[in-house]
Protein chains: 2
Amino acid sequence: MSDAVDAIIGQWTKERPDLTEDLWPVQVLGRLQRLGRVLDKEFRTFAARRGLELGEVDVLTTLQRSGPPYALPAGALLKAAMVTSGAITNRIDRMEAKGLVERVREEGGGDRRTVRIRLTEHGHEVTCEYMAAHLANEARMLSELGREESDRLAASLRKLLESFGDTSIG
Amino acid sequence: MSDAVDAIIGQWTKERPDLTEDLWPVQVLGRLQRLGRVLDKEFRTFAARRGLELGEVDVLTTLQRSGPPYALPAGALLKAAMVTSGAITNRIDRMEAKGLVERVREEGGGDRRTVRIRLTEHGHEVTCEYMAAHLANEARMLSELGREESDRLAASLRKLLESFGDTSIG
DNA sequence: TGTTTTTATCTCAACGTTGAGATTATCAAG
DNA sequence: CTTGATAATCTCAACGTTGAGATAAAAACA
C-alpha cells in the first residue's frame, strides 16, 4: 500500500537523510494538499458537466442552505467562500446574467451599502437538482472508505480545522 | 467543539431535513475542501514571504528530491505538479529568468523533443533553505494534533488517495 | 452639525492556469 | 524510405482570482 505521498517521502529520505525525522508532517499535510487538488478537479468537472462553475455552485449552495428568503449580503458570501471581494462581484455578475440570482438593494430605511444576493426561482431549482446529484457523487467517492472510518477521519479533520482557527461561518 | 463544516451541515439539516441521511460525506469531503483552501493560502503566503510562487516551490522541491543531477524532463514536472503543460512552461520561464533552473536539451543521440529542467546552484541553495523552514512550519501547524493522531489521520488519507487512483508518482 | 473612521461593494489591471492548437521529433508499419 | 500515428513541449487567447484602490454610505466622535 503506497501512494504518491509515500513515494515523495521516500525520495526525500534518500536525498536528504538528515531530514528524515522532520518529514512526518508531510504524511498529513502533503496528502491534504494533494487531496485538495484532486477534489477540486473532481468537483469542478462535476459542476462543468451541469453548466456551472465551481464558484457558482458555492454561491448557490450557500444561499440555499441559509434558508428562506434565500438571500444574503455579498459580504456573507465572500466570507463563506473564502475569496476576495472582486471574485464575489464577478461571480454575482455572471450568475445574474444566467438568471440564477438577483441583486436586491435594501428598500426603505435599510443600509444602502449592502447588496443582498437572492436566489431566483430558477436558481432554486438548479440548486436542488444539483445538491441531490452532488451528494450521491460524494457518497460514491467515499464508498471505499466506509461510514465508520469516515466518521473517525472527520473528527481528526475537524480538530485540524479548529486548530487553524476555522471555527465557524460567521 | 464545532467548526465551519458542522455549521454548514447544521444549516442543511434545518433547510432540507429530507437530505439528513445523505449529508455524512460532507463531514469528510467538505472539510477536505476547506482544508485545501486553508493550506493553499498558508503555503502561498509562506512562499511569498520568501519571494517564491507556490508553483515555483513545487518545481524546486520536485527537482531536489529527485536527487542528482537534479534534472527532470518538463513532462515529469507536469505530472508531479498535477497541472497542464502551459502552466509548467510558464513556471520554467519565470524560474529561468530568476536563475533558479535552466533548460537543458539532450545532446548527442538523445530524444530532442524532451527538455530537461535542471536546478542551478542558486536554485539548489534556495531549495535547501526553503525546505528547512517549510518543514518547521508544517510541524508547527500540526503541533495541536500530535504525532500519534497525525499518523492515524495520514493512514486514512492515504486510503482515500488510493481509492481516487493516486497510487504513485510515475 | 461637521469631520473622521469604518464598512460594504465595485472597478480594474496584473497574474497564473487552462485547454486547444501548433510545432517538432520519434516510433511503427508498410 | 515514406506515411501515419504518437509524444514532448511551446504558444496563445480566454478565464477566474487577487489585491489595491475607488466609491459611497453609515457610524463614531468632536
Side-chain angles (χ1 to χ4, degrees), chain A residues 36-38 40-45 47-49 51-60 71-98 100-118 170, chain B residues 36-38 40-45 47-49 51-60 71-98 100-118 170:
Chain A
R37 279 265 170 97
V38 172
D40 192 75
K41 198 163 285 186
E42 165 68 23
F43 292 150
R44 190 175 305 279
T45 306
R49 269 201 292 271
L52 291 171
E53 198 74 26
L54 201 49
E56 298 175 1
V57 170
D58 203 352
V59 172
L60 288 177
L72 288 174
L77 294 174
L78 184 158
K79 279 178 216 156
M82 297 196 281
V83 293
T84 56
S85 62
I88 286 296
T89 300
N90 283 340
R91 287 183 187 179
I92 308 302
D93 285 348
R94 273 179 275 142
M95 296 175 72
E96 205 169 22
K98 286 186 185 178
L100 293 168
V101 300
E102 53 189 357
R103 284 182 166 89
V104 185
R105 303 209 93 98
E106 300 284 335
E107 297 175 20
D111 187 332
R112 269 178 304 179
R113 290 171 303 178
T114 68
V115 178
R116 294 178 78 81
I117 316 301
R118 186 168 59 193
Chain B
R37 279 267 169 96
V38 172
D40 191 75
K41 197 161 287 187
E42 165 67 23
F43 292 150
R44 190 175 305 279
T45 306
R49 269 200 293 270
L52 290 172
E53 198 75 26
L54 201 49
E56 298 176 2
V57 170
D58 203 352
V59 171
L60 288 177
L72 288 173
L77 294 175
L78 184 159
K79 280 178 215 156
M82 300 197 278
V83 293
T84 56
S85 61
I88 286 296
T89 299
N90 284 341
R91 288 182 188 180
I92 308 301
D93 285 349
R94 272 179 277 143
M95 296 176 73
E96 204 168 23
K98 285 187 186 177
L100 294 167
V101 300
E102 53 189 356
R103 284 181 165 90
V104 185
R105 303 209 93 98
E106 301 283 335
E107 296 175 21
D111 187 333
R112 270 177 302 179
R113 291 171 302 180
T114 69
V115 178
R116 294 178 78 80
I117 315 302
R118 186 169 60 194

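FYI, side chains are in, hydrogens and waters are out, and symmetry mates aren't considered; it's all heavy atoms of this structure. Lettering follows sequence order; numbering is per chain, from 1.
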(message) Less than 4.5 Å apart, side chain to side chain, heavy atoms only: is that true for B:Ile92 and B:Val115?
(response) no
(message) Could you check whether any side-chain heavy atom of B:Val83 comes within less than 4.5 Å of a side-chain heavy atom of B:Ile88, counting everything from C-beta outward?
(response) yes
(request) Look at the side chain of B:Arg105 and the backbone N and O of B:Asp111, then say whether any donor-acceptor pair between them is shorter than 3.5 Å. (result) no
Roughly, in whole Å, what's the span from [atom1] in [X] to [atom2] in [N]?
X       : N      : atom1 : atom2 : answer
A:Ile92 : C:dT11 : CD1   : C1'   : 16 Å
B:Lys79 : D:dA8  : NZ    : C1'   : 10 Å
A:Leu78 : C:dA8  : CG    : P     : 10 Å
B:Asp93 : C:dC15 : CG    : C1'   : 14 Å

Is [X] touching bases, backbone alone, or none of the nucleic acid, heavy atoms closer than 4.0 Å?
X        : result
A:Thr114 : sugar-phosphate
B:Arg105 : nothing
B:Arg116 : nothing

Protein-nucleotides 17-21 of chain D N/O pairs under 3.5 Å:
unit_1	atom_1	unit_2	atom_2	d
D:dT17	OP1	A:Arg91	NE	3.2
D:dT17	OP1	A:Arg91	NH2	2.9
D:dT17	OP2	A:Arg94	NH2	3.0
D:dT18	OP2	A:Thr84	N	3.0
D:dT18	OP2	A:Thr84	OG1	3.1

(message) Nearest 0.5 Å, please: how far is CE in B:Met95 from CG in B:Leu100?
(response) 5.0 Å
(request) Look at B:Arg91 together with B:Glu53 and state whether they make a salt bridge at an N to O cut-off of under 4.0 Å. (result) no
(message) With a sphere of 6.0 Å drawn around CZ of B:Arg118, does it hold more than 12 non-hydrogen atoms of other residues, nucleotides or ligands?
(response) no
(request) Heavy atoms only: give me the nearest B:Ile117-B:Arg103 pair and the separation to one decimal. (result) CD1-CG, 4.1 Å
(message) Restricting to non-hydrogen atoms, name the atom on A:Leu72 and the atom on A:Leu77 that form the minimum distance, rounded to 0.1 Å.
(response) CD1-CD2, 4.2 Å
For nucleotides 25-27 of chain D, tabulate all protein N/O to nucleotide N/O atom pairs closer than 3.5 Å, reporting atom names and distance.
unit_1	atom_1	unit_2	atom_2	d
D:dA26	OP1	A:Gly110	O	3.4
D:dA26	OP1	A:Arg112	N	3.0

